[in-house]
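Proteins come first, then strands; the chains are lettered A, B, ... in the order of their sequence lines, and each starts at number 1.
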2 protein chains.
Amino acid sequence: MRPIIANDNHSQPDWAAMKKQQISTTRQRGAILDALRGVVTHPTADELHRMVRQTMPNVSLGTVYRNLEIMSERGLVTKLNTAGPQMRFDGDTRPHYHVRCSRCGRVDDVAVEPVDGIDQAAGQASGYAITSHSIEFEGICPDCASGGNSEKDST
Amino acid sequence: MRPIIANDNHSQPDWAAMKKQQISTTRQRGAILDALRGVVTHPTADELHRMVRQTMPNVSLGTVYRNLEIMSERGLVTKLNTAGPQMRFDGDTRPHYHVRCSRCGRVDDVAVEPVDGIDQAAGQASGYAITSHSIEFEGICPDCASGGNSEKDST
DNA sequence: ATATCTGCAAAAAGTTTGCTTTTTA
DNA sequence: TAAAAAGCAAACTTTTTGCAGATAT
């Protein structure tokens, strides 16, 4: 069970990654990437906007969207296709699976080994040229299970 | 490879299923369920609306949404969490996986055996009480691969 | 008869876009 | 100083909702 640790002590944003991808290194972009990498959750654009605003109060939501888009194109972050009406983003671009709490909507990583050979089987069964797959588990998170929290309800 | 066949000759809508689920049997609801069961694709609400309108021209989009919602709650249809901005629906409620064409956005069934034991592994790894999982493959569909069509582009 | 449902239109929610000014290379 | 990006607001797309009239049990 490989722990997926958040990168919490940011002295400097990861300008190197941006330079390598040939996108300009703006303060906002740095802050957005930092915020996303600083959490193990999978925030929506709006949540990220609120996070970034704590240190940079007039970043606009449009900027957050634009940067998440460009950074996902360049492989610095990942767009998640989880259930629910909003896009979610992941600062960990290594392949891994996700689980969504059907009660509160929270999305966590699942550290199981990638299922092997399934892309090939799916290719044969469907006739598609498969490039990847994603798995989303659904269940009740520990917090919700322990009677605790009773947030959103996003089933 | 179990073929998933569409139910194309509808003499009568499936009133029995609705009665069993205690929801009233309206013409619109019957037509929507019929339309969805009549295709192997996974239409959006809007596509379904257009399909139903061919035989029932003043069904409203709101009615389509409301019925898909209630029928998915009662297990007559399934809401799909595929990538892309729109919800898609599936008239086949048996557990199975899906593949989405990254070029044209089309979504098909994938007849591979459900991966066994993975829910338990995910439960241990995450601490969630897992109830289910879904897999979405991504790739290029045969039509797009053969140079043919060049529709939406929904990557 | 009464509860449920429909059609319509307006409202919400989420995301994208146009434009002007500011920042980066 | 030319190209890219930010901020702001308006536009767009998809889904939900309120309400009056119609339909189902």
Visitor: Base of C:dG18, side chain of A:Arg66 - is there a donor-acceptor contact under 3.5 Å?
Guide: yes

Visitor: Name the residue closer to the 5' end of DNA chain D, choosing between A:Gly62 and A:Asn67 according to the nucleotide with the nearest heavy atom.
Guide: A:Asn67

Visitor: Should we say atom CZ of A:Arg27 is surrounded by more than 12 heavy atoms from elsewhere, each under 6.0 Å from it?
Guide: no

Visitor: State which residues pass side-chain contact (heavy atoms from CB on, under 4.5 Å) with A:Met87; sequence neighbours excluded, sorted by chain then number.
Guide: A:Lys79, A:Phe89

Visitor: Taking only residues at least two apart or on different chains, which pairs with a member in residues 120-134 of chain A satisfy salt bridge (Lys or Arg N to Asp or Glu O under 4.0 Å)?
Guide: none

Visitor: Nearest-Å distance, CZ (B:Arg53) to C1' (C:dC8)?
Guide: 11 Å

Visitor: Just how far, in rounded Å, is P of C:dT15 from CD1 of A:Ile70?
Guide: 19 Å

Visitor: Which part of the nucleic acid, if any, lies within reach of B:Asp46 when heavy atoms closer than 4.0 Å are counted: base, sugar-phosphate only, or nothing?
Guide: nothing

Visitor: Could you pull out all donor-acceptor pairs under 3.5 Å where a side-chain atom in residues 57-66 of chain B meets a protein atom, sequence neighbours excluded?
Guide:
residue: B:Ser60; atom: OG; partner: B:Thr63; partner atom: N; Å: 3.2
residue: B:Ser60; atom: OG; partner: B:Thr63; partner atom: OG1; Å: 3.1

Visitor: What are the 5'-most and 3'-most nucleotides of DNA chain D lying under 4.0 Å from any heavy atom of chain B?
Guide: D:dT14 to D:dT25

Visitor: Among pairs that include at least one residue of residues 19-48 of chain B, which meet ring-ring contact (aromatic ring centres under 6.0 Å, His included), considering only residues two or more places apart or in two chains?
Guide: B:His42-B:His98

Visitor: With sequence neighbours left out, what residues match A:His133 under side-chain hydrogen bond (donor to acceptor under 3.5 Å, both in side chains)?
Guide: A:Tyr97, A:Asp119

Visitor: Answer yes or no: does a side-chain N or O of A:Tyr65 lie under 4.0 Å from OP1 or OP2 of C:dT16?
Guide: no

Visitor: Between the axis at one end of the helix from C:dA1-D:dT25 to C:dA25-D:dT1 and the axis at the other (five pairs apiece), what's the angle to 10 degrees?
Guide: 40°

Visitor: Test of understanding: with side-chain hydrogen bond (donor to acceptor under 3.5 Å, both in side chains), list the residues that count as partners of A:Asn81, not counting sequence neighbours.
Guide: none

Visitor: Among residues at least two apart in sequence or on other chains, which ones pass side-chain contact (heavy atoms from CB on, under 4.5 Å) with B:Arg50?
Guide: B:Asp46, B:Glu47

Visitor: Nearest whole angstrom, please: distance from the P of C:dT15 to the CG of A:Leu61.
Guide: 9 Å

Visitor: Output the residues of residues 14-31 of chain B in contact with DNA chain C, where contact means a heavy atom of the residue under 4.0 Å from an atom of the strand; sort by number or write none.
Guide: B:Ser24, B:Thr26, B:Gln28, B:Arg29

Visitor: What is the distance, rounded to the nearest whole Å, between atom CD of B:Glu73 and atom C1' of C:dC5?
Guide: 15 Å

Visitor: Rounded to whole angstroms, how far apart are NE2 on B:His49 and C1' on C:dC8?
Guide: 11 Å

Visitor: Expressed as a whole number of angstroms, how long is the span from B:Met56:CE to C:dC8:P?
Guide: 13 Å

Visitor: Can you sort out the partners of B:Thr41 under side-chain contact (heavy atoms from CB on, under 4.5 Å), two or more places apart, ordered by chain and number?
Guide: B:Val39, B:Pro43

Visitor: Treating A:Ser72 as the side-chain partner and A:Thr78 as the backbone partner, does any N or O pair qualify as donor plus acceptor under 3.5 Å?
Guide: no

Visitor: Using the side-chain hydrogen bond (donor to acceptor under 3.5 Å, both in side chains) criterion, which residues pair with B:Glu136? Sequence neighbours excluded.
Guide: B:Arg100

Visitor: B:Ser60 has a side chain; which of C:dC8, C:dT15, C:dG18 sits nearest to it?
Guide: C:dC8

